[in-house]
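Single-structure report; data block below.
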Amino acid sequence: MSRKDFGTLLLLAFAWGASFLFMRIASPELGPVFTTELRVTLAAAVLLLYAALKRQKLGIWRHAKQFLLLGAVNAALPFTLICLAELHLSASLAAILNATTPIFTALAAWGIQQEKPGLTKSAGLVIGLLGVGVLVGWSPVPMEGKILLSVFFSLGAALSYGFGGLYASRVGRGLEPLTLAAGQQLGAAVVLLPLAIVFAPRHLPSAPAVYSVLGLSIFCTSIAYLLYFRLIRNVGAVKTVSVTFLVPVFGLVWGVIFLHEQVYANTIAGLVIILMSVTLVNRRKKGAGPGNPGEVSARQGKI
């Protein structure tokens, strides 16, 4: 990997790690649904504008039904669940829980595509559960009802990403990456619009909330997806997956720096154990090729 590509990888991890910070600021004020609707709508607008400037025809309408489903499962639902979780969870904890996405993707591939995980991946799945247990069960913060429910929301988002990644690998065959990214965000915006109208805030947002939504939409979604697809093209999916290990680290760092969140021993231990499990889940068999779409999507953590 060249220095330029490595810099792109760090910038991508920086952006996706910052998304947890922005959601933690915006969602309590604007509400989880409205925050997500603004995020995907603005992101779709930026990506469509980018395509227009490049004079690239996307052909989104030919795959409207697929993009509505993809947007619902791979953007609208997980984004909203994470925003719901961050009403009560710290940004750093939400970022670490989101790192379980490859684990849930492997489980989804097992259930849908009958891809048996094998001994190494099975060990990774068990270790991943242990990591979540350490992260949640060994916490000095009381695990009362709202906190536990928020943990389940975060894990539900990771599960939704798992199914969404598998579906994206299927519907995305033959489509340009920009088409897939813009179509997904546009589909999510359409799906969430009725709920966003119902749950629209009744007051003007503060400046931090506005800046957070803009950062979330433009930097963490539109630009991040362009960086992501550039890495896929330049270095391949296997090397790009290393961003999975950096995102929770950046998420933790931004939470500590900007929100003054406390980091406990269980936070570090849970992070290390979960990343160990992701390493095992992502390990490929010797002599294997680039991987089928299910395997590739299992390596991709998203936020």
Side-chain angles (χ1 to χ4, degrees), residues 17 19-37 39 72-73 75-101 103-105 107-108 125-164 192 195-196 198-203 205-206 208-209 212-213 216 247-248 251-252 254-256 258-275 277 301-303:
S19 68
F20 296 94
L21 168 68
F22 292 141
M23 284 186 282
R24 184 69 181 87
I25 295 172
S27 58
E29 185 172 339
L30 297 174
V33 174
F34 198 75
T35 297
T36 302
E37 175 65 16
R39 173 182 183 174
V73 178
L77 179 58
F79 290 174
T80 304
L81 286 174
I82 294 173
C83 284
L84 275 168
E86 291 203 55
L87 294 177
H88 303 288
L89 295 184
S90 65
S92 53
L93 181 56
I96 295 171
L97 288 170
N98 186 254
T100 61
T101 294
I103 299 171
F104 283 105
T105 307
L107 288 173
L125 296 176
V126 173
I127 292 174
L129 293 176
L130 175 63
V132 173
V134 169
L135 193 63
V136 177
W138 187 28
S139 173
V141 178
M143 287 293 119
E144 53 190 20
K146 290 181 179 179
I147 302 296
L148 286 175
L149 185 60
S150 297
V151 170
F152 282 115
F153 284 150
S154 285
L155 296 177
L159 178 62
S160 184
Y161 279 135
F163 284 105
L192 273 181
L195 283 176
V198 173
F199 292 103
R202 300 292 184 261
H203 55 81
S206 65
S212 294
V213 168
L216 190 60
V247 169
L252 188 152
W254 302 148
V256 170
F258 294 104
L259 300 178
H260 308 292
E261 295 177 349
Q262 290 185 299
V263 176
Y264 303 102
N266 73 299
T267 306
I268 303 300
L271 172 61
V272 171
I273 294 171
I274 287 173
L275 293 184
S277 73
K302 300 174 184 176
I303 49 82

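Residues: numbered from 1 along the sequence shown.
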- Item | Value rounded to 0.5 Å, distance of CD1 in I127 from CD1 in I103 | 9.5 Å
- Answer with yes or no whether the side chains of E86 and S27 bring together a donor and an acceptor at under 3.5 Å. no
- Residue pair L93 / T267, side-chain heavy-atom distance below 4.5 Å: no
- Between A209 and P205, what is the shortest heavy-atom contact and its length? CB-CB, 4.2 Å
- Minimal heavy-atom distance between S154 and A85, with the atoms involved, is OG-CB, 3.3 Å
- Considering the options T80, L81, L195, which one meets the side chain to side chain contact (heavy atoms under 4.5 Å, CB included) requirement together with P32? T80
- Task: Identify the two heavy atoms, one from G17 and one from W254, that lie closest to each other, and give their separation to 0.1 Å.
- Result: C-CD1, 3.6 Å
- Sole residue of L89, I82, I25, L97 in side chain to side chain contact (heavy atoms under 4.5 Å, CB included) with F20: I82
- Do T101 and T105 touch side chain to side chain, with heavy atoms closer than 4.5 Å? yes
- Query: Which heavy atom of A99 sits nearest a heavy atom of I274, and at what distance?
  - Reply: CB-CG2, 4.0 Å
- Knowing that exactly one of E261, Q262, R24 qualifies, which makes a side chain to side chain donor-acceptor pair (under 3.5 Å) with S92? E261
- Spatial distance of atom CZ (F199) from atom CG (L30) [nearest 0.5 Å]: 14.5 Å
- What are the two closest heavy atoms between A76 and T36, and how far apart are they? O-CG2, 4.0 Å
- Query: What distance do I268 atom CD1 and L135 atom CG have between them, rounded to the nearest 0.5 Å?
  - Reply: 10.0 Å
- Note on the structure: Rounded to the nearest 0.5 Å, the CG atom of L155 sits from the CZ atom of F104 at a distance of 5.0 Å
- Query: F22 and T35: side chain to side chain contact (heavy atoms under 4.5 Å, CB included), yes or no, with the steps?
  - Reply: CA-CA 10 Å; F22 292 141; T35 297; over 6 Å; no
- OG of S160 to CZ of F79: how many Å apart, nearest 0.5 Å? 10.0 Å
- Note on the structure: d(L192 CG, L77 CG) to nearest 0.5 Å is 9.0 Å
- Message: With side chain to side chain contact (heavy atoms under 4.5 Å, CB included) as the criterion, how do L148 and V136 come out once you've worked through the C-alpha distance, each side chain's angles and the decisive distance to 0.1 Å?
- Response: CA-CA 8 Å; L148 286 175; V136 177; 4.0 Å; yes
